[in-house]
Number of protein chains: 2
Amino acid sequence: MTNEQHASLRIEHVPQTLRELAVERLRAAIMSGRFPSGYRLVERTLVDQLGVSRSVIREAIRYLEAEGLVEIQPRQGPIVATLDWDKARQIYDIRLRLEAAAAADCARLLDTSARADLQAALQRLKEAFLSDDPQVLYDATTRFYEVIFVTAGHHIAWEIVQRLNGRISRLRALTLASTDRHVSGQARMQRIAEAIFAQDPDRAGEAVREHLTEAAEIASKLLHVANKDDQRMGQ
Amino acid sequence: MTNEQHASLRIEHVPQTLRELAVERLRAAIMSGRFPSGYRLVERTLVDQLGVSRSVIREAIRYLEAEGLVEIQPRQGPIVATLDWDKARQIYDIRLRLEAAAAADCARLLDTSARADLQAALQRLKEAFLSDDPQVLYDATTRFYEVIFVTAGHHIAWEIVQRLNGRISRLRALTLASTDRHVSGQARMQRIAEAIFAQDPDRAGEAVREHLTEAAEIASKLLHVANKDDQRMGQ
DNA sequence: TACGGAATGTTGGCATACCATCTTCCGGTC
DNA sequence: GACCGGAAGATGGTATGCCAACATTCCGTA
C-alpha cells in the first residue's frame, strides 16, 4: 500500500508524452493569467502555438476540463473557466477544512524526518517573503503546504487542494502579493509551523483557519475590485 | 452569478457528443464493477465494444483519468484505478468533513422550498430501503445528499464528493448492501434529516459524522475481506 | 438603399492512418 | 534440447483528413 508515500515530494515525474507536456503548458498559461478567464481555447490556434497536433491538444483540454480549469461551452468549444465570488468562497471554505485537518494530523504524526522537511520549507518560505519574485513566494507557499499534507498522509486531499488552487490561482497570486498579506502572512505561517512543531493539533488547525479566513477576506476585496474593473472595461 | 443555482437538480444535460456518452458508459462500467479494479482499458477493444473511434475513447479516458477513476501506467496504458484501504480511509475522511459542513449549512439555510425537496428525498430514501434493488437505494442516497449540498450552496464540494464516491463506488455499494447498515443506516439518515428540519447545524453535522464514521468502519471490514479474497484467488 | 441568400471561412466532432515500442513466439543454430 | 535472434502482433502516441454546424461576408435583387 501507498508505495508512493512520498512521491509528491520528488521532482514530479518528468513528463514524457507530448500530451502531458501540453497539459502542463496549458495549465501554466491559464494559471499565470496569460490565458485569462473566459478566453477561448481554439484548437487550431493552440496547435500552432504549441507545435503539436490537434489530438494532443484535444486530449489535454479534456483533462483540464475534468480538472475544472477549462469549461466547454456547447457549440462553442472550450474556454478558460470563469470564477465568481460565490465559487471562490466555496473553494476557500473547502480549502479551510481540508488544510486545517491536514495541519492537525501533521502535528499528530510529526516525526524527525518530517520535522526537518517542514523546517526546510519554512526557511525557504521566509526567504521567499524577502524575494521580489511572486513566483518564488507562490512556489514556497505551495511547498510548505505540501509538506503538511504529505506528512499528515492526506495525499488525496492534497490533490484536491492543488486543483482548487488552480481554479483560484490568479486570486491567490493577488492575495500573496498584497502588502498586508506580506506582513501578516509570514507571521501566520510561522504560527502554523510553531503549532505543528509543538505537536498541538488543535492549535495547528486553528492557526490554519485564521490564516485562510484572512486570505479569503483579502481575496473577496480583490475579486470585487477586479470585477468592477471588468465591468468598467466592458468585459 | 451562479446562474446554475439548481442545475444539478435537473435531469443532467442530455449528452450530445459521442465523447460525453463514452465517458458516461465507461464510468458506469467501472462503477458497476463490470470493469474491475486494475482492469486494462485497451483502446482498440473499447473501440469495438462502444462502436466509436479511438479519438473518442482516448478523450474519454483522459477525462476519467483526471477524475481519478482511471490510472495511466507508463508504457502500459490506462487501467481502472485501484483502491487500497489507505486511499479509502482518506476519501471517507474528506467526505466526512465536506458532508458535515454541507449538512450544517443546509440546516442554516433551509427554506420552505428546500424543506419540501429534502422531505421528498427522505421519503424516497425510506421507500428505497424497502426495495430489493441496490441501484434504487444507491440513487436515493445520492439524491438525499444532493439536496443537502445544493441547499447549502456547496456546489463545488458536491462535485468533489461525487468524484470521490466514484472512486469508492464498489465499497459504497457493498456498504449500502450490508444488512447492519440496512437497519441502522435508515435510522441515521432519519436523524440527519431531523436535525436539518430542526435547523440545528451542530446536531446535523454531528449526525453526519456518526453516519459516515460507521460507514467507514463497515467499509474497512468489507475491504479487508475483499482483499483477502483477492489474495486467495491470486489476483 | 435595404434585405435576403448564397458562398466562404471558422471551428469542433469524429474517424483513420502511421509510427515506435514492447511483447511474444517461432525457428535456427550450437 | 536449450538458447538466442528476428519477425510478427499488440498497443499506445501522434498526426492528418473529412464533415457538419455555425458565423461571416458579399453580391444581387427589389
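Just the heavy atoms: all of them, side chains too, but no hydrogens, waters or symmetry mates, feed the values below. Numbers restart at 1 for each chain; the letters A, B, ... are given by sequence-line order, proteins then strands.
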Gap between atoms CG and C1', on A/Asp48 and C/dT11 respectively (whole Å)
13 Å
With five pairs defining each end axis, the helix from C/dT1-D/dA30 to C/dC30-D/dG1 comes out bent, to 10°, by 20°
Under 4.0 Å, heavy atoms only, any strand: does B/Leu41 hit a base, just the sugar-phosphate, or nothing?
sugar-phosphate
Considering only C/dA15, C/dG13, C/dC18, which nucleotide approaches the side chain of A/Glu43 most closely?
C/dG13
Taking the side chain as everything from C-beta on, heavy atoms only, tell me whether B/Asn165 gets closer than 4.5 Å to B/Arg95.
yes
Under 6.0 Å from the six-membered ring centre of B/Tyr138 and within 45° of its axis: does the NZ or CZ of B/Arg172 meet both?
yes
Euclidean distance, A/Arg115 CZ relative to A/Leu118 CG, rounded to 0.5 Å:
9.0 Å
With heavy-atom distances below 4.5 Å as the criterion, would you say the side chains of B/Ser32 and B/Arg170 are in contact?
no
Would one find a side-chain N or O of A/Arg58 under 4.0 angstrom from OP1 or OP2 of C/dG13?
yes
Whole angstrom is fine here: how far is it from CD1 in A/Ile57 over to C1' in C/dT11?
14 Å
Between P of C/dG13 and OH of B/Tyr63, the distance in whole Å
14 Å
Can a side-chain donor-acceptor contact be found between B/Glu20 and B/Thr17 if the only test is distance below 3.5 angstrom?
yes
What distance do B/Leu222 atom CG and B/Trp85 atom CH2 have between them, rounded to the nearest 0.5 Å?
9.5 Å
Atom pair distance, as rounded to whole Å: CG in A/Leu46 and C1' in C/dG12:
13 Å
Between C/dT21 atom C1' and B/Gln76 atom CD, what is the distance in whole Å?
13 Å
B/Ile79 side chain near B/Leu41 side chain, heavy-atom distance below 4.5 Å:
no
Closer than 3.5 angstrom, by distance alone: can the side chain of A/Glu59 be matched with the main-chain N or O of B/Arg62 as a donor-acceptor pair?
no
Take atom CZ of A/Arg54 and atom C1' of C/dT11, then tell me their distance rounded to the nearest Å.
7 Å
Side chains of A/Asp105 and A/Thr151, heavy atoms from C-beta outward: is any pair under 4.5 Å?
no
Hey, which of A/Leu50, A/Ile57, A/Val56 is the one that makes side chain to side chain contact (heavy atoms under 4.5 Å, CB included) with A/Ser53?
A/Val56
Counting any heavy atom closer than 4.0 Å, what does A/Arg19 reach on the DNA or RNA strands: base, sugar-phosphate only, or nothing?
sugar-phosphate
Separation of A/Glu59 atom CD from C/dG13 atom C1', in whole Å?
14 Å
Quick one: on DNA chain D, does A/Arg44 or A/Leu18 contact a more 5' nucleotide (nearest heavy atom)?
A/Leu18
Opening and closing nucleotides of DNA chain D in contact with chain A, under 4.0 Å to non-hydrogen atoms:
D/dG13 to D/dC22
Comparing A/Ser55 with A/Arg40, nearest DNA chain C nucleotide closer to 5' gives the residue A/Arg40
side-chain N/O B/Ser53 vs C/dA15 OP1/OP2, d < 4.0 Å:
yes
Whole-Å distance separating the CG atom of B/Leu21 from the P atom of C/dG13
14 Å
